[in-house]
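Count residues from 1 along the sequence.
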Amino acid sequence: MKMRKCILLLPTTFNGGAEVPAETLGSILADIDKAFDGHTVDGLCDGAYRMRNGEMANDRCLKVWVAVDPDRVDELKRLAARFAKRLKQESLYFEVTEAEIEFVRSMPEDGEAA
């Protein structure tokens with residue numbers, strides 16, 4: 001089955017500047033794993049976002065990829081909304097790419113048992 005690549009940016013600090021505890025980020029990744037059978041952390045990235053009050057917020061974020069059945073993208077989006085609340089954010093960056101993902105399984109070499 002071909003899947004869609006979704007990208008979430010998870011802030012590593014709260015808006016006031018305090019670091020998000022590693023346990024909180026770990027718990028969020030565990031929630032993704034439980035619902036979608038895995039994730040990939042693509043490293044850290046920096047960005048800026050204009051909040052509703054007009055102030056700019058600068059964030060260092062954990063970039064997370066999730067392979068999602070196309071019929072379940074909205075389910076991940078709802079989960080991201082809960083993460084935004086947990087991280088005390090107005091919103092989280094959520095991207096659905098045009099990429100199609102497959103997990104290619106290894107094949108036995110000639111003469112090897114399957």
Side-chain angles (χ1 to χ4, degrees):
M1 167 201 298
K2 298 209 179 192
M3 303 176 82
R4 299 301 299 270
K5 177 181 173 185
C6 294
I7 301 170
L8 295 168
L9 298 184
L10 303 174
T12 59
T13 58
F14 295 108
N15 287 338
E19 283 194 30
V20 173
E23 300 80 26
T24 300
L25 290 173
S27 174
I28 287 171
L29 296 176
D31 288 349
I32 292 170
D33 294 347
K34 182 177 179 184
F36 296 96
D37 298 327
H39 71 277
T40 298
V41 173
D42 188 26
L44 294 171
C45 60
D46 295 315
Y49 171 79
R50 185 170 309 282
M51 296 188 299
R52 286 186 206 126
N53 66 8
E55 291 181 33
M56 289 299 293
N58 295 297
D59 290 317
R60 172 152 284 192
C61 296
L62 200 62
K63 187 175 184 181
V64 179
W65 299 352
V66 184
V68 180
D69 179 311
D71 294 333
R72 295 184 65 206
V73 169
D74 285 340
E75 184 181 340
L76 179 59
K77 192 181 293 186
R78 287 189 299 274
L79 191 59
R82 289 200 300 272
F83 297 158
K85 184 172 186 169
R86 192 185 304 176
L87 295 167
K88 302 175 183 155
Q89 302 293 308
E90 287 183 358
S91 61
L92 285 184
Y93 179 91
F94 181 87
E95 178 180 347
V96 180
T97 72
E98 293 299 318
E100 289 185 349
I101 299 168
E102 288 185 72
F103 290 96
V104 179
R105 302 215 183 265
S106 63
M107 304 231 357
E109 296 292 327
D110 289 338
E112 288 184 339

Starting from Val41, can I reach Leu44 by hopping between I/L/V/M/F/W/Y residues whose side chains sit under 4.5 Å apart? yes
Counting C-beta onward and ignoring hydrogens, is there a side-chain heavy-atom pair between Gln89 and Phe83 closer than 4.5 Å? no
For Met107, which fellow cluster members are found when Ile, Leu, Val, Met, Phe, Trp and Tyr are connected by side-chain heavy-atom distances below 4.5 angstrom, either directly or through intermediates? none
Can you name the residues that form a side chain to side chain donor-acceptor pair (under 3.5 Å) with Glu95, not counting sequence neighbours? Tyr93
Give the table of side-chain donor-acceptor pairs shorter than 3.5 Å for residues 70-82, with sequence neighbours excluded, one pair per line with atom names and distance.
from: Arg72; atom 1: NE; to: Glu75; atom 2: OE1; distance (Å): 2.9
from: Arg72; atom 1: NH1; to: Ala35; atom 2: O; distance (Å): 3.2
from: Arg72; atom 1: NH2; to: Ala35; atom 2: O; distance (Å): 2.9
from: Arg72; atom 1: NH2; to: Glu75; atom 2: OE1; distance (Å): 3.3
from: Arg72; atom 1: NH2; to: Glu75; atom 2: OE2; distance (Å): 2.8

Considering residues at least two apart in sequence or located in another chain, which fulfil the side chain to side chain contact (heavy atoms under 4.5 Å, CB included) criterion with Ala22? none
Using the test side chain to side chain contact (heavy atoms under 4.5 Å, CB included), find all partners of Glu55 that sit at least two apart in sequence or belong to another chain. Met51, Asn53
Summary of salt bridge (charged side-chain N to carboxylate O under 4.0 Å, His left out) pairs that have at least one residue in residues 36-45, sequence neighbours excluded: Asp42-Lys63
Can you pull the salt bridge (charged side-chain N to carboxylate O under 4.0 Å, His left out) pairs that have at least one residue in residues 3-17, sequence neighbours excluded? Arg4-Glu98
Please answer: with hydrophobic residues joined when any side-chain heavy atoms are less than 4.5 Å apart, are Phe94 and Val64 in the same cluster? yes
Which pairs with one or both residues in residues 7-34 pass salt bridge (charged side-chain N to carboxylate O under 4.0 Å, His left out), sequence neighbours excluded? Asp31-Arg86
I need the Asp59 CG to Asp46 CG distance, nearest 0.5 Å. 9.0 Å
According to a hydrophobic-cluster definition based on side-chain heavy atoms being under 4.5 Å apart (Ile, Leu, Val, Met, Phe, Trp, Tyr only), do Val20 and Leu29 belong together? yes
Lys2: what forms a side chain to side chain contact (heavy atoms under 4.5 Å, CB included) with it, not counting sequence neighbours? Glu100, Glu102
Using a 3.5 Å cut-off and no angle test, enumerate the donor-acceptor pairs between side-chain atoms of residues 6-17 and protein atoms at least two apart in sequence or in another chain.
from: Thr12; atom 1: OG1; to: Arg60; atom 2: O; distance (Å): 2.8

Connected via hydrophobic side-chain network under 4.5 Å: Leu62 and Leu92: yes
